[in-house]
S.K.: 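Sharing a structure, written as structure tokens. Questions coming.
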Amino acid sequence: MSSLRKPAPGPLFAVLAVALVGVVLVSICFGSEWLGPAVVLRGAAHVAGLGESLGHPLQTIVELRLWRALTAVGVGAALGLSGGLIQGMFRNGLASPSLLGVTGGAGLGAACAILLIGGWAPRGVLEAATGPGGLLIPIFGFVGALGTVGLVALLASTHGRLSVTTLLLVGIAVNMCIAGIFAAIQSLSLVDWDVSRAIMAWTFGTLEDRSAVHAETVWGGLLAAAAVVPFVGHELDLFKGGEEDASALGVSVGRVKVLCLVGAALSASAAVAVAGQIAFVGLVVPHLVRLGCTSRHSALLPLCTVTGALFLLGCDLLQRVLLGEGVLQPGVMMSLVGGPFFIFLLIRHRRELGAW
Amino acid sequence: MVGALEARGLVFEYAGDDAGPVRALDGVDLRVADGELLVVIGPNGSGKSTLLRCLGGLARPRAGMVALRGRELGAYAGRGRAREIAMVPQYLPALPDVLVAEFVMGGRYAHLGRWSGPAAVDRRAVDLALAAADVSTLRQRLMTELSGGQRQRVLVARALAQEARVFLVDEPTASLDPEHQIHVFQLISRTVAQARAAVVVTHDLNLASQFATRLALMDGGRLVAEGPVGEVLRREVLEPVYGSALHFGTLRQADGSRRPFVLPWAGGQFEDDSPST
């Protein structure tokens, strides 16, 4: 278990980053029709403003697959990073962004958007929930997620101070309320088959038909979260001895907690807003990094980012290859793969995890 | 002597229950100067640890103030305060996956730049601190692999690496065998000799007698006695606070000076017939 036998974070990050680029490329090549890497690179270069278009329909196909892959990378990275930030802040490996109401809030926001759309365009509601057109749903999802975290943080703070234990309890309570409202919406919308189906489809998550806007949204959230890493990485390591100990060493504990919360909320909200509920990435990825490499946050957080991206895109590619396109939604797939995988990890590393 | 840290009229209250807040400190005045090792003694719940937290800026008093080198403690930012005051906590959670050297480097946080890692000066401070605390050989060990005594010395080493001029130490010998108890106090004593100030909370009256330059006795959130060791470790002062199961004697030291010792011994006639007294 000595950390000395584990790979060094720097080289590991480089290897994972190269692997990620490879998986992105293969993910774009692979589809109903295999495209050669050269074609994909030429098409991608055109999107970046370099070189000529591949022409219709090839350029459109490459672009669709490119945005899908970039969205998946952004979503995986954002969820992995927010998981690392939240677990570091809570000093608890069971914490995840959904604990703060990110997933529940996004679901509620998306359901509201679906109800709105269903009011005036009942036929198009399913397409809006899962297809490229419905920007209203990601926007509502993002606002719902961010608003819920804000509410949790507001209720949990006393005199401007955030207690981590209170945050946890308030998060659980607010999640319960939101789950109740969400269930009520689902139950009331059962009479409208289109709306009810659209809400259910959203909860499974989707990476299909993602556009540049989706990719930009999630990458925006990811970059905002990445920006806080230099200000919390070393500090979270000093949190391991408790907040008071960190404060005695000179850490501005309150500022670190707020930065972690804002970074995690922005990135996770952006991720669930564009791709729906995708379980386990935020919870499992930080554990993978801790068990496989390091628990030092200045290295763990960047590693969570690249591992999360690789994990989501890799699993997605694998199920597309094995099962075919569009058979399993990413949220369902991550639960099916992530759950057993997490149990396997827990059994194998029971002793190490017990002490974390 | 320069006043390093000074508390005036400190009042601290915990939230408590329906009966209202619980007053842990009730108007405490205290002053420690460079070169002084002030030991704070007192029964459980007398407010010693709360006093230390207030002195270190970790708890905000309801009334009164703490001044660090003449300036109000609140005026110092987190890092600025940590460059002046180092704390040795009584308890830290288990720290799996943390090497001793990394842990001690944590003491350098207040000196590090945001965008640069530890520099040569930081590594040197860690080396010196490890050597001073006699734990250099443990630097590549995991914190979870240490014995109680080793762990306590590593905690002190981290505070030394902080290169602060005021040390606040909470019960450093609570779980140590006699040899390590003396080691830790010698270490603090040597540090204080380098023009630094220390406030040490302990239950061990005899270690206090041996190493303190001054003693403060707390009871019920108040400072009930303060002064040289010989003035505080007396039956008239201690019995009202600790009860009557204490026996008093004196030991002559190598330099000829005499130091009191206090032995908790319930009931019976106590007679000290050891040749050293």
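Chain A is the first sequence line, chain B the second, and so forth, proteins listed ahead of strands; every chain is numbered from 1. What's counted below: heavy atoms across the whole structure, side chains too, no hydrogens, waters or symmetry copies.
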S.K.: Nearest 0.5 Å, what's the OG-CE distance between A:Ser247 and B:Met87?
M.R.: 9.0 Å
S.K.: Of all the heavy-atom pairs spanning B:Gly107 and A:Leu249, show the shortest one and how long it is.
M.R.: CA-CD2, 4.0 Å
S.K.: State the CD-NZ distance between B:Glu102 and A:Lys240, to the nearest 0.5 angstrom.
M.R.: 7.5 Å
S.K.: Is B:Arg108 close to chain A through its backbone or its side chain, or both, or neither, when contacts mean heavy atoms under 4.5 Å?
M.R.: neither
S.K.: Under 4.5 Å, counting heavy-atom pairs only, tell me which of A:His234, A:Glu244, A:Glu243 racks up the most with chain B.
M.R.: A:Glu244
S.K.: Tell me the ring-ring contact (aromatic ring centres under 6.0 Å, His included) pairs involving residues 3-26 of chain B, sequence neighbours left out?
M.R.: B:Phe12-B:Tyr14
S.K.: Calculate, to the nearest 0.5 Å, the distance between atoms CZ and CG belonging to B:Phe103 and A:Asp237 respectively.
M.R.: 12.5 Å
S.K.: Which atoms of B:Arg81 are under 4.5 Å from chain A, going by heavy atoms: the side chain, the backbone, both sets, or neither?
M.R.: side chain
S.K.: For chain A, which residues from residues 50-58 of chain B have at least one heavy atom closer than 4.5 Å to it?
M.R.: B:Arg53, B:Leu58
S.K.: Just so I understand: if I count every heavy-atom pair under 4.5 Å between each of B:Ala110, B:Ala86, B:Pro93 and chain A, which residue has the most?
M.R.: B:Pro93
S.K.: Can you tell me how far the CZ atom of A:Arg290 sits from the CG atom of B:Asp97, to the nearest 0.5 Å?
M.R.: 9.5 Å
S.K.: Applying a heavy-atom distance below 4.5 Å, give me the residues of residues 162-174 of chain B that approach chain A, sorted by number.
M.R.: B:Gln162
S.K.: Tabulate, in ascending numerical order, the residues of residues 251-267 of chain A having at least one heavy atom closer than 4.5 Å to a heavy atom of chain B, or enter 'none'.
M.R.: A:Val251, A:Arg255
S.K.: Given heavy-atom pairs under 4.5 angstrom as the criterion, report whether the side chain, backbone, both or neither of A:Leu238 touches chain B.
M.R.: side chain
